[in-house]
Amino acid sequence: CPALPRTKFADVTAETYPVGTRLHYECDNGYRRRGGQKPGIQCQSTQQVAAWVYREFECIDDKILLSTAPMMKLNVTQKPERKTQSPAPQRQENLSEFDRKDFCGPPKTIPHASLILAKQYYVGQVLHFKCQSGYDKRFPTSGNRTCKKVNGKIIWTPLDMRCTNDS
């Protein structure tokens, strides 16, 4: 897909990701990645089902030089989990047979880490935009963009929203 047009004062999320998508985790302020671990994950099709492939990853407190906490073990592929702060329901189970082999659901949450959206998107990716608090004075305050192939050209669908704090 082409570069995603910038939308000021909006947060971007996604419910599903096409096979091939790569994302990475970034430790929150005050935490750092345990040495030797890789933050990247990838949506891959395995045995006709799309699933995230995880590596061992843990964020540890900066104040702890050598953590005595047990290492968090992740399976090579793991069923996705929903971030707890989002009220949206998990949709992975409701995807059609076609979607389950071509799209992964939301990735697993990691303690003290944030998920960074990819800079590269694939045809079929749907992104959800919502105005940040204080910039949601005009309706509509949320919308979607989809990466589509139209007449042989790959485009992002228009976003019918504008986030502003104008009165």
Side-chain angles (χ1 to χ4, degrees), residues 1-28 33 37-55 57 59 74-110 113-165:
C1 296
L4 182 67
R6 188 166 171 347
T7 304
K8 286 185 177 184
F9 314 120
D11 292 321
V12 184
T13 60
E15 293 292 321
T16 60
Y17 299 85
V19 167
T21 299
R22 292 177 188 266
L23 302 177
H24 70 274
Y25 292 98
E26 190 172 273
C27 291
D28 296 337
R33 176 172 44 105
Q37 296 180 346
K38 307 278 191 227
I41 61 174
Q42 183 175 16
C43 177
Q44 293 181 355
S45 184
T46 309
Q47 300 172 0
Q48 300 297 320
V49 176
W52 290 106
V53 176
Y54 295 90
R55 296 183 177 135
F57 184 78
C59 292
L74 294 176
N75 296 330
V76 173
T77 58
Q78 196 157 7
K79 194 166 183 148
E81 293 178 9
R82 181 77 153 125
K83 283 193 173 184
T84 53
Q85 67 263 29
S86 176
Q90 170 66 297
R91 296 188 341 177
Q92 180 73 6
E93 290 78 14
N94 298 332
L95 295 175
S96 71
E97 183 63 34
F98 172 78
D99 288 342
R100 278 194 305 243
K101 66 182 183 177
D102 294 319
F103 289 87
C104 289
K108 178 177 179 54
T109 57
I110 303 281
S114 301
L115 195 63
I116 306 301
L117 282 174
K119 301 285 188 229
Q120 182 178 3
Y121 300 100
Y122 297 86
V123 171
Q125 179 69 68
V126 178
L127 298 177
H128 309 283
F129 292 79
K130 184 175 182 198
C131 290
Q132 295 169 347
S133 180
Y135 294 95
D136 53 3
K137 302 283 191 249
R138 291 188 186 161
F139 186 81
T141 60
S142 64
N144 297 329
R145 284 194 113 132
T146 304
C147 181
K148 288 185 172 182
K149 192 170 193 173
V150 179
N151 298 327
K153 187 175 180 183
I154 299 174
I155 61 152
W156 285 101
T157 58
L159 182 62
D160 186 22
M161 65 173 269
R162 188 171 145 229
C163 301
T164 179
N165 63 356

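Positions are given from 1, in the same order as the sequence printed here.
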Hey, does the side chain of Tyr122 reach the backbone of Gly20 with a donor-acceptor pair shorter than 3.5 angstrom?
-> yes
Nearest heavy-atom contact between Pro107 and Leu23 is CG-CD1, 3.7 Å
Please name the pair of heavy atoms, one in Gln125 and one in Ala14, separated by the smallest distance, quoted to 0.1 Å.
-> NE2-CB, 3.6 Å
Does Gln44 use its side chain to pair, donor to acceptor, with the backbone of Val49 at less than 3.5 Å?
-> no
Measuring from Lys108:NZ to Tyr25:OH, what's the distance to the nearest 0.5 Å?
-> 7.5 Å
Roughly how far, to the nearest 0.5 Å, is the OG atom of Ser114 from the NE2 atom of His24?
-> 10.0 Å
With sequence neighbours excluded, tell me which residues meet ring pair (Phe, Tyr, Trp, His ring centres under 6.0 Å) with Phe129.
-> none
Scan residues 140-164 for pairs that pass side chain to side chain donor-acceptor pair (under 3.5 Å), counting only residues two or more places apart or in two chains.
-> His128-Asn144, Thr164-Asp166
Identify the two heavy atoms, one from Ala113 and one from Phe57, that lie closest to each other, and give their separation to 0.1 Å.
-> CB-CE2, 4.2 Å
Smallest heavy-atom separation, Asp136 atom then Cys131 atom, equals CB-CB, 3.8 Å
Atom NZ of Lys130 and atom OG1 of Thr13: how far apart are they, to the nearest 0.5 Å?
-> 9.5 Å
Under the side-chain contact (heavy atoms from CB on, under 4.5 Å) rule, collect the residues that match up with Arg22, sequence neighbours excluded.
-> Gln42
To the nearest 0.5 Å, what is the distance between CD1 (Ile110) and CD1 (Ile41)?
-> 8.0 Å
Side chain to side chain donor-acceptor pair (under 3.5 Å) involving Gln132 - partner list, sequence neighbours excluded | Asp11
Cys104 and Ala50 have their tightest heavy-atom pair at SG-C, 3.7 Å
Taking the six-membered ring for Trp, are Phe9 and Tyr135 parallel (under 30°), tilted (30 to 60°) or perpendicular (over 60°)?
-> parallel
Do you know the tightest heavy-atom contact between Pro18 and Val123?
-> CG-O, 4.0 Å
